[in-house]
Amino acid sequence: MMYSSRRKPVLYFKDDRSFLSRKCTIWKLFGLCMLFVLGSLLWVQLTCSGDMSQTAGYSHLPHQPCPVERQSSSADDPSWGPHKMALIVPFRERFEELLVFVPYMHAFLNKKKIRHKIFIVNQLDHFRFNRASLINVGYLESGNDTDYIAMHDVDLLPENEDLNYGFPKEGPFHVASPELHPLYHYKTYVGGILLLTKKHYYLCNGMSNRFWGWGREDDEFFRRLKTADLKLFRPTGITTGTKTFRHIHDPGWRKRDQKRIAAQKQEQFKVDPEGGLTNLRYKVESRKEVTISGAPCTVINTFLECDLDETPWCQSN
């Protein structure tokens, strides 16, 4: 081959050995490995945190939460007592309130040394909201490690630390009593927050499943307490009156379903002697352990069933 230049042709190659010897030292390999590990941990944290603080606006709760750390303080400290509460929250789409409720109640009960587990019973079906049936579901799904329940509205927060959330051995304990509740003051009111042992709730056959939409299920349950010969107890010595609780419900943008359809208006005042736990029909779609701002809870996604012949008012139209 002929060349016009007098210089000999030279082929240039990268010296790989020089690159390895100078740039790929042990310390640089170590640094790259550490970057890889830290990046992987960050990805896992972002994709599997189980924290619902970012879920407002979604119709379903997280499906892949990470395990919640065990709280050894309540499990191992005998000063917390032997009893454990299942705090049951009937729920549908009120995420803004839920994001406040769970961490608040978890901290409140921990401060009072109340062993507890929070159950969010989330109604997924297309029927009208049925608070009583969801509480029945929570009772049945709460497990054998809890021995009493709190029927608790998601929009009612206790602000007086003297309120008793302990084991109601003597009988049902109505925490949100009429003289303390910010809205409802009639004598037979037992809604908002009511504590019962699981034995007492079973004696009542739970709550009636006939109440679709808002209201009246608590009034019917008051009659069940009397039928079961259970004495109702309420707080004493609380001086904060109607400021004992904070009501975080906003009626301006979340209207209550107070429709009375077909024979519902007449039926809602009747006693349901047979219905309750014995005729509850439901399906658990999923059960998820999640955290909200660090507070653990169990979300039970539930489909209720409705007998249209018995309660046609379970549908909106």
Side-chain angles (χ1 to χ4, degrees), residues 51-57 61 85-122 129 131-132 134-135 138 148-166 168 172-196 214-215 217-219 221 232-258 290-299:
D51 196 316
M52 283 184 53
S53 60
Q54 303 296 325
T55 62
L61 300 176
M85 171 203 295
L87 194 157
I88 300 172
V89 183
F91 179 81
R92 175 185 266 175
E93 296 179 350
R94 295 168 71 168
F95 291 99
E96 296 81 4
E97 296 166 11
L98 187 67
L99 296 179
V100 176
F101 178 87
V102 172
Y104 183 93
M105 287 305 304
H106 182 62
F108 182 88
L109 294 173
N110 276 348
K111 191 171 184 179
K112 294 179 68 64
K113 292 189 174 183
I114 302 292
R115 301 181 196 270
H116 64 278
K117 191 170 184 179
I118 300 175
F119 293 91
I120 311 300
V121 190
N122 182 35
F129 187 67
R131 177 179 178 270
L134 294 176
I135 293 174
Y148 71 110
I149 68 170
M151 303 154 55
H152 211 301
D153 287 352
V154 72
D155 58 5
L156 199 60
L157 304 178
E159 295 197 311
N160 190 324
E161 294 181 3
D162 292 332
L163 288 169
N164 184 8
Y165 273 76
F173 187 80
H174 188 210
V175 181
S177 58
E179 67 274 12
L180 302 178
H181 196 283
L183 296 178
Y184 309 117
H185 311 299
Y186 57 95
K187 293 182 179 180
T188 58
Y189 176 68
V190 292
I193 309 167
L194 181 65
L195 311 182
L196 299 95
W214 181 83
E217 75 282 345
D218 291 323
D219 298 331
F221 191 68
L232 181 67
F233 294 85
R234 286 181 166 133
T236 57
I238 302 297
T239 60
T240 45
T242 56
K243 295 182 179 180
T244 303
F245 301 94
R246 177 156 54 104
H247 194 235
I248 59 175
H249 178 78
D250 185 357
W253 65 275
R254 189 178 294 280
K255 302 294 183 182
R256 298 191 186 278
D257 178 9
Q258 301 185 27
V290 301
T291 60
I292 302 177
S293 299
C297 64
T298 302
V299 178

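Tested against V154, the residues V89, I248, I120, V100 include a single side chain to side chain contact (heavy atoms under 4.5 Å, CB included) partner, V89. When the options F91, F101, F245 are evaluated for a ring-ring contact (aromatic ring centres under 6.0 Å, His included) with H152, the one that passes is F101. Test F233, Y189, F221 against H174 for ring-ring contact (aromatic ring centres under 6.0 Å, His included) and you get one pass: Y189.
Here the closest heavy-atom approach between residue A150 and residue L195 is recorded as CB-CD2, 3.3 Å. Of all heavy-atom pairs spanning E93 and E96, the tightest one is O-OE1, 4.5 Å. Among all heavy-atom pairs drawn from G166 and N164, the shortest one is N-OD1, 2.7 Å. In plain terms, the two heavy atoms of A86 and F119 that are nearest each other are CB-CE1, 3.8 Å. Annotation for V102 and P296: closest pair CG1-O, 4.3 Å, computed over non-hydrogen atoms. Between G192 and L156, the shortest heavy-atom distance links the atoms CA-CD2, 4.0 Å.
Side-chain contact annotation: Y186 with H181, donor-acceptor N/O pair under 3.5 Å absent. With 3.5 Å as the limit, one finds no donor-acceptor pair spanning the side chains of T244 and N160.
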**Report entry** Test side-chain contact (heavy atoms from CB on, under 4.5 Å) applied to I292 and C297, step by step
**Finding:** CA-CA 8 Å; I292 302 177; C297 64; 4.2 Å; yes
**Report entry** Verdict with reasoning, T240 to E159, per side-chain contact (heavy atoms from CB on, under 4.5 Å)
**Finding:** CA-CA 9 Å; T240 45; E159 295 197 311; over 6 Å; no
Report task. Might you work through the ring-ring contact (aromatic ring centres under 6.0 Å, His included) test for F173 and Y165, ending with a clear yes or no? Result -> CA-CA 9 Å; F173 187 80; Y165 273 76; 8.5 Å; no
Requested in this report: Evaluate side-chain contact (heavy atoms from CB on, under 4.5 Å) for L180 paired with R234, printing each intermediate quantity in order.
Outcome: CA-CA 10 Å; L180 302 178; R234 286 181 166 133; over 6 Å; no
Query raised in the report: Yes or no on side-chain contact (heavy atoms from CB on, under 4.5 Å) for M85 and I149, after CA distance, side-chain angles and deciding distance?
Result: CA-CA 5 Å; M85 171 203 295; I149 68 170; over 6 Å; no
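E217 CD to I135 CD1: the interatomic distance, rounded to the nearest 0.5 Å, is 7.0 Å. For the atom pair CG (L87) and CD1 (I193), the distance works out to 8.5 Å, reported to the nearest 0.5 Å. The structure places CG of D218 at 8.0 Å from CG of L194, a figure rounded to the nearest 0.5 Å. H116 NE2 to H106 NE2: the interatomic distance, rounded to the nearest 0.5 Å, is 5.0 Å. With rounding to the nearest 0.5 Å, the separation of CG in N110 from CE in M105 is 10.5 Å. Put simply, OG on S177 and NE2 on H185 are 10.5 Å apart, with the number rounded to the nearest 0.5 Å.
Counting only distance, with no hydrogens or angles, the side chain of D153 and the backbone of D155 share no donor-acceptor pair below 3.5 Å. A donor-acceptor pair under 3.5 Å is formed between the side chain of K112 and the backbone N or O of L163.
Geometrically, R246 engages Y104 in a cation-pi contact defined by less than 6.0 Å to the ring centre and at most 45° from the axis.
The side-chain heavy atoms of F108 and I114, taken from C-beta on, include no pair separated by under 4.5 Å.
For the pair K111 and E161, the salt-bridge criterion is met [side-chain N within less than 4.0 Å of a carboxylate O].
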